[in-house]
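Data first, discussion second: the structure below is written as structure tokens.
This one's a predicted model, so the numbers in the text were calculated from it and none came from an experiment. All ligand and atom numbering here is 1-based and tracks the order in the structure.
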Amino acid sequence: MKSRRKFLQNITGSVIAIPFLSKIEYLESFKNIKDRSYDGPVLRVAIMGLGSYGTRVADAMKDCTKAKLVGVISGTPSKITAWQAKYNIPEKNCYNYENYDSIKSNPDIDAVYIITPNALHKDAAIRVAKAGKHVISEKPMSINAKDGQEMIAACKKANVKLLVGYRMHFEPKTLEVLRMRKDGEFGKVLFFQGLSGFQIGDPTQWRLKRESSGGGAMMDIGIYSINGARYMIGDEPIWVTAQETKTNKEKFKGGIDETIQFQLGFPSGAVASCLSTYSMNNLDRFFLNAEKGFAELQPSTGYGPIKGKTNKGELDYPHVTHQTVQMDRMAEIILEGKQPTVPVDGEEGLKDLKIIDAIYSAIKSGKKVSLSL
Ligand code: NAD
């Protein structure tokens, strides 16, 4: 039994192993229930930015087997106290934005997960890297490719890993579609449609301030369609065209995009047609069309359950808590050197940023922009 469990742990997240496993064994590898008998290495994580998504990650990490929340970085003392009580965090692992460079001399923290507004990711990542800790950054990794490159260079120099919170890269139904596509079950991929959007509320929030967000819906939610187009098609785009529309010029001002439609062209001739918006609800859909079949995920990137079907029928894989699985898999990447099916490293984050830069540039010029990823 023990060796079977070890075997399953070893193949965790690897779609290559599927043909050799029954579906039940494959599903077991995605289980998101804490394995209390596990006695291997554990990634000890401090979360920076104790907001809404930080809280979701912290709650999800309670069920992790290989990752553990052990520290916090926050500018709000009352939040630190509340998190200490809720997540059992010792005083010596609590930092604020002035003193967190001293995390360098804390041997009980391996990595910092940056979950602050987008424009703050870069400087935080560089400081964390300089402190010798692995960096996990939320998406978007930063607000443009230049900043992304600086983050990658800083982490390389400090010899620490840089990962991006692409939780969908570990989601079972998504991975099953990718397995089917890789195994040629759909035939030649011709078209992808990605719809990513929601109606944003409070006009005073940081997401609608360019200095904090770096842009509008594209940075926040449109990035899911960019990233999705790449992993669903399984290739890198070589050109982009884009068009912007605005229905509310007052709410979406100062470089905040409301709605952008964009198209990505791939070397095979496949095309992606995507929509990113802050003004429409019920937009969370991926559709992949290929010569012999199709795959549809709707919802495709929400917290789940993700629902999906292909020309062969419903995808009946069970729901997992994305953030639990993501953090266990990231622990394996950092501590055990494992390679995920779809990368979650800085280079992966940088590719999306290069596409975002190109989308904004295509809107400005009204022209097709070439991409070299
Ligand atoms: P939030 O506003 O709920 O939380 C942001 C946190 O950062 C707050 O605790 C805030 O106090 C702190 N903060 C530190 N410095 C700040 C500053 N100068 N201005 C404003 N806040 C500051 O936001 P969120 O929804 O938790 O988003 C945080 C990050 O997580 C973003 O990069 C976002 O894109 C990402 N996110 C990812 C997902 C996902 O599914 N992967 C989901 C939601 C958010």
ask   = Yes or no on side-chain contact (heavy atoms from CB on, under 4.5 Å) for V57 and I115, after CA distance, side-chain angles and deciding distance?
value = CA-CA 9 Å; V57 171; I115 317 185; 3.9 Å; yes
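- Partner of V240 under the side-chain contact (heavy atoms from CB on, under 4.5 Å) criterion, chosen from L371, D357, I226: L371.
- Closest heavy-atom approach to atom 32 (O) of ligand 1 among the candidates N118, V164, T76: N118.
- For I115, heavy-atom contacts with ligand 1 shorter than 4.0 Å involve the backbone as well as the side chain.
- At a 4.0 Å heavy-atom cut-off, ligand 1 touches H121 through the side chain alone.
- Taking a cut-off of under 4.0 Å to the non-hydrogen atoms of S52, the atoms of ligand 1 that pass are 1 (P), 3 (O), 4 (O), 25 (O), 26 (O).
- Using a distance-only test at 3.5 Å, with no hydrogens or angles considered, a donor-acceptor pair links the side chain of E258 to the main chain of N248.
- Annotation for ligand 1: atoms under 4.0 Å from non-hydrogen atoms of L120 are 15 (N), 16 (C), 17 (C), 18 (N).
- The aromatic ring centres of F286 and F192 sit less than 6.0 Å apart.
- Taking the six-membered ring where tryptophan is involved, the planes of Y166 and H169 are essentially parallel, since the angle between them stays under 30° and well short of 60°.
- Contact analysis puts Y303 in contact with ligand 1, with a non-hydrogen atom separation below 4.0 angstrom.
- Nearest protein neighbour of atom 35 (C) of ligand 1, counting heavy atoms only, is E138 CG, 3.6 Å.
- Looking only at protein heavy atoms, the nearest one to atom 34 (O) of ligand 1 is K139 O, 2.8 Å.
- Below 4.0 Å from some heavy atom of R167 lie the following atoms of ligand 1, by number and element: 39 (C), 40 (O), 41 (N).
- The protein non-hydrogen atom at the shortest distance from atom 2 (O) of ligand 1 is W206 NE1, 2.8 Å.
- Nearest non-hydrogen protein atom to atom 14 (C) of ligand 1 is Y97 OH, 3.4 Å.
- The shortest separation from a heavy atom of R207 to ligand 1 is under 4.0 Å, placing the residue in contact.
- Ring-plane geometry between Y303 and Y53 is classed as parallel, the angle between the planes falling under 30 degrees on a 0 to 90 degree scale with a further cut at 60.
- Side-chain contact annotation: N227 with D352, donor-acceptor N/O pair under 3.5 Å present.
- Minimum heavy-atom separation, K246 to E244: CE-OE2, 3.5 Å.
- For ligand 1, the atoms closer than 4.0 angstrom to any heavy atom of Y224 are 39 (C), 40 (O), 41 (N).
- If you check which protein heavy atom lies closest to atom 4 (O) of ligand 1, you get G51 CA, 3.3 Å.
- A ring-centre distance under 6.0 Å is not found for F170 and H322.
- Residues E296 and K309 are paired through a salt bridge, judged by an N-O separation under 4.0 Å between the basic side chain and the carboxylate.
- In this structure, atom 26 (O) of ligand 1 lies nearest to the protein heavy atom Y53 N, 2.9 Å.
- Taking atom 29 (C) of ligand 1 as the reference point, the nearest protein heavy-atom neighbour is T116 O, 3.3 Å.
- F186 has its ring centre no less than 6.0 Å from the ring centre of F294.
- Close contacts of ligand 1 with K79, meaning ligand atoms under 4.0 Å from a residue heavy atom, involve 8 (C), 9 (O), 11 (O).
- Summary of contacts: the protein heavy atom closest to atom 12 (C) of ligand 1 is P117 CD, 4.2 Å.
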